[in-house]
Amino acid sequence: MNVLVINAGSSSLKYQLFNMETEAILAKGMCDRIGIDGHLKHKPESNGKPVFNESIPLPSHAEAITVVIEKLTSKDYGVISDLSEINAVGHRVVNGGRKFSESVLVNQDVVDAIEACARLAPLHNPANLMGINACQKLMPGVPQVAVFDTAFHHTIPDFAYVYPIPYKYFKEHDIRRYGFHGTSHRYVSAQAIDYMGGKVEGSKIISCHLGNGASLAAIKDGKSLDTTMGVTPLEGVPMGTRSGSIDPALVDIISSLEGNIDLKETMDILNKKSGVLGVSCFSSDFRDVETAAGYDIETGHKMEDKPVNELCKLALDIFCYQVAKFIGSYIVTMGGVDAIIFTAGVGENSPYARFGIIERLNGIGISMEEPKNRFRGLGKFVDITGKDSMAKVLVIPTDEELVIARDTLKIVK
Ligand code: AMP
């Protein structure tokens, strides 16, 4: 059975085709600049055929999916002989609102409900729906499954998800903490629990998904107890370009400092010009910022002969400090911790960030073995726990697409 996984953004669409007997990736790729001009990178993984990496007109998501299917089945770049070899499609959907606590088979009610949540995720849900609609048109009769970023966090208790603002916003408008990166937190925390002997009951895990977007989750008894992102993915730790949690009065202050710009422009500053980029005045990419701050991105060590860009160093310090602060607060709310997980682009690849975060937890007995930490992008599970550390420190590569494919298989079966 083959499952096609689709992650549709507003102008991009990533895909992976899995053979679910072996969980091998048959092909993967990305359509970019949809609705602008169009570009496709398609990579067959199973048969040594060449990569297709060219500009190609992609006026809409429907055209993008048509082109993807054409490539998946083509003589030169294909991995399957025809469309009938795609048995199901799994879609990433960013916000499932209050309705979806797990993945579901897509029908009209589900489409309507995803549409209804679009006001909570105006940049993401409409794009995810475009992917679903396009697949329904091109592959009628092929089951489609929606997998929600928010679903894993449905176990968060009300005292952690209701904001201390007038209650009517929650009651009448569903404004609450939803949290994101749920498929990633679910996947890596399950691996950590397996690694520590498989006992779910009583387990206390803190998962740090640190990429361009970043969030932490406190996972107790295998269930999400709290997470740093909120009603939108702007809340929590500082990110590549997002501020994370700040004094809400800054919205008003920034607007007046910029000459009374409107709310949308002010929110753009917090979403796109803040975080590591905002403070460093240099880049949102951790590799650039670490190098400019004088650190070797392979080892995380200071390069003695290199000049230090002080703002880059400050941006990294703010990031590591805030992540460590949230870890500390989750240790309190869970009453302890068995394992801290690092995952996603920065978590898996940056010895500097891992060291900078764990160093700040040394005072409460959490440590890592520095030499074991000196790696990036190994793509495998690595235990970097220090000798007398009171909690494990684990680097676990995330795989959101595989989770979507597995959920899809389970539901379709
Ligand atoms: P993601 O959003 O999960 O793809 O993560 C993207 C982030 O991971 C970017 O900020 C990258 O700079 C960062 N990243 C990738 N490799 C490294 C590395 N070797 N050192 C530091 N950051 C890295």
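Each ligand, and each atom within it, is numbered from 1 in the order the structure gives. None of these values were measured; they are calculated from a predicted model.
- Side chain to side chain, H39 and E54 fail the donor-acceptor criterion of an N or O pair below 3.5 Å.
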Walk me through it: do H124 and D149 pass the test side chain to side chain donor-acceptor pair (under 3.5 Å)?
CA-CA 11 Å; H124 295 99; D149 270 24; over 6 Å; no
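- D174 has a carboxylate O that lies under 4.0 Å from a charged side-chain N of R119, or vice versa, which qualifies the two as a salt bridge.
- Checking D76 against S74 by side-chain atom types alone, no donor-acceptor pair falls below 3.5 Å.
- Between F319 and F286, the gap from one ring centroid to the other is short of 6.0 Å.
- Closest protein heavy atom to atom 16 (N) of ligand 1: N349 CB, 3.3 Å.
- Polar contact check, H209 against ligand 1: no nitrogen or oxygen pair lies under 3.5 Å apart.
- Looking at atom 2 (O) of ligand 1, its nearest protein heavy atom turns out to be N212 N, 2.8 Å.
- For atom 12 (O) of ligand 1, the closest non-hydrogen atom of the protein is D285 OD1, 2.4 Å.
- For S350, no nitrogen or oxygen atom sits less than 3.5 Å from a nitrogen or oxygen atom of ligand 1, counting backbone and side chain alike.
- For ligand 1, the atoms sitting less than 4.0 Å from at least one non-hydrogen atom of A344 are 3 (O), numbered in the order shown with element in parentheses.
- Ligand 1 places these atoms under 4.0 Å from at least one heavy atom of V346: 7 (C), 8 (O), 13 (C).
- Nearest heavy atoms, R354 versus E348: NH1-O, 3.1 Å.
- The distance between the ring centers of F170 and Y163 does not fall below 6.0 angstrom.
- Protein heavy atom nearest atom 3 (O) of ligand 1, with residue, atom name and distance: G345 N, 2.9 Å.
- Among all non-hydrogen protein atoms, the one lying nearest atom 22 (N) of ligand 1 is F286 CB, 3.4 Å.
- Within ligand 1, the atoms closer than 4.0 Å to a non-hydrogen atom of G211 are 1 (P), 2 (O), 3 (O), 5 (O), numbered from 1 in the order shown.
- Nearest residue to atom 18 (C) of ligand 1 from R287, M239, E290 is R287 (criterion: closest heavy atom).
- Taking 4.5 Å as the limit, every side-chain heavy atom of I341 sits out of range of all side-chain heavy atoms of I206.
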